[in-house]
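Presented below is the structure to which this report refers.
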Amino acid sequence: MPDIRLSQVSRVFGAFKAVDDITTVFAEGTVTCLLGPSGCGKTTLMRMIAGLETPSHGSIKFGDRDVTHLPPGKRDVAMVFQYPVMYRTLSVIENIELPLRRDRALSPAEVRRRADEVLEVLQLSAERHRHIGDLDVGTRQKVAVGRAIARQCDVILFDEPTTNVEVHAKLALIRAFKDFRARLRQTVIYVTHDQTEAMTLADQIALMQSGRISQCAPPHVMYDRPESRFGGWFLGNPGMNFLSPRSREGSMLRFDVLSNAIAVPAGADGELSLGIRPEHVDVLAEPADDAVAARILRSSITIGGQQLLSLLVGEARLKAKIPPCEPPADGKTVFIRCRLEHVVLFNDGLRLPAPVTRAA
Ligand code: ATP
């Protein structure tokens, strides 16, 4: 399987840059999720990789093969869309076999073998003779995935395939996706605006903002060490807390949410802010040496039953996510602790690479 190499790729519509000078490599045999808010350029980038859109500038290579100006049919890519075109009066297996039969190089026995393989991997064997028109949207989408992977193209592109699928079928589809990944290692680009889906499926997430890739990294790296405040804010539900320093004295920085001053790291010459995820704010009922007092402004329950607390600490406000419990009373005083290993410092919106340490 080839890697996908983008070199200074841009796409301009009139005066608007939908994709802005992207240079990156999506490694062979991996799943890259293009993630980002609506309008950031995910679909445009994917369409250029597919050959459905031509870059205004730059080049796209699959391995050493320059595909920048090749039509989709000459690229060896398969695609799964939000609304796949399916033949409603044909059966599941006929829909999967149809594109394979057009390939003269494949014998009928090989066509059947591949179709059987994807039916098994996607747990669709029981549906093989059902008509597409009789299936629910989730199962139909599974068949679309099966049809794409059966072609065994070098590259498979998914454009928000679960958007129209109800939540339980969506989980089944994601499970099926992971199963086929375990068996067939094609290079996959998967467009989504759903961060949970990206965190679950991706080997790496390419987080996009305003036509650019702001960070490309494995999900846990993206989550724990966002390169920018944008990444800290976009990932997580809710995203990171950002706090301004209360004071800066020489080489010491103080924040309302930390009991001790921290050392000013190298490069901290711009506007500083501290980032901490709500689930990394420890909430204690009793005082502790390394904790500071906070007042609960409001508490609410998240999906999954956790408590989300809005807290006031000195003049700072922050959110804390704690395990399911009786809702604590608004106005109550608690004590919070933010461990330095979970804290990141941003300088003019970009993360400072040095670990955050206590001031000497
Ligand atoms: P969404 O998640 O909403 O689909 P996206 O990240 O996939 O968003 P794109 O569809 O790539 O974003 O669009 C990026 C920007 O480019 C948007 O502002 C869109 O309006 C614009 N755009 C896309 N295609 C065209 C086009 N053919 N003509 C003009 N503008 C376009």
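Along the sequence shown, residues are numbered consecutively beginning with 1. We count ligands from 1, going down the list as the structure has it; atoms in each ligand are counted the same way.
Judged purely by distance below 3.5 Å, without hydrogens or angles, the side chains of T23 and Q8 never pair a donor atom with an acceptor atom.
Ring planes of H342 and H280: parallel class, angle under 30° (limits at 30 and 60°).
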*Show the numbers, then the answer: is there a salt bridge (Lys or Arg N to Asp or Glu O under 4.0 Å) between R112 and E97?*
CA-CA 7 Å; R112 182 49 54 98; E97 286 186 346; 2.5 Å; yes

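Contact annotation for atom 1 (P) of ligand 1: protein present (non-hydrogen atoms, distance under 4.0 Å). In this structure, atom 15 (C) of ligand 1 is in close contact with the protein, since a protein heavy atom lies within 4.0 Å of it.
Under 4.0 Å from ligand 1, the heavy atoms of E160 that appear belong solely to its side chain. Neither the backbone nor the side chain of H193 has a heavy atom within less than 4.0 Å of ligand 1.
For atom 3 (O) of ligand 1, the closest heavy atom belonging to the protein is S38 OG, 2.6 Å. Scanning the protein heavy atoms around atom 9 (P) of ligand 1, the nearest turns out to be T44 OG1, 3.6 Å. Taking atom 21 (C) of ligand 1 as the reference point, the nearest protein heavy-atom neighbour is F16 CE2, 4.0 Å. In terms of protein heavy atoms, atom 5 (P) of ligand 1 is closest to G39 N, 3.6 Å. The protein heavy-atom contact nearest to atom 28 (N) of ligand 1 is F13 CD2, 3.5 Å. For atom 10 (O) of ligand 1, the closest heavy atom belonging to the protein is T43 CB, 3.7 Å.
The closest approach between G36 and ligand 1 stays at or above 4.0 Å for every heavy atom of the residue. Assignment of P37 to the shell around ligand 1 is supported, since a heavy atom sits closer than 4.0 Å.
A cation-pi arrangement is absent between R5 and F62 under the rule of less than 6.0 angstrom and at most 45 degrees off the ring axis.
Using a cut-off of 4.0 Å between Lys/Arg side-chain N and Asp/Glu carboxylate O, R88 and D134 are scored as not salt-bridged. Electrostatic pairing of D20 and R212 counts as a salt bridge here, judged by a charged N lying under 4.0 Å from a carboxylate O.
Using a 4.0 Å cut-off to heavy atoms of G41, the atoms of ligand 1 that qualify are 5 (P), 6 (O), 11 (O), 12 (O), 14 (C).
For ligand 1, one of its N or O atoms has an N or O atom of C40 under 3.5 Å away.
Atom NE2 of H193 sits about 9.5 Å away from atom CG of L35, to the nearest 0.5 Å. We find the CE-CD1 distance between M240 and I276 to be 7.5 Å, quoted to the nearest 0.5 Å. Rounded to the nearest 0.5 Å, atoms CE (M79) and SG (C153) are 9.0 Å apart.
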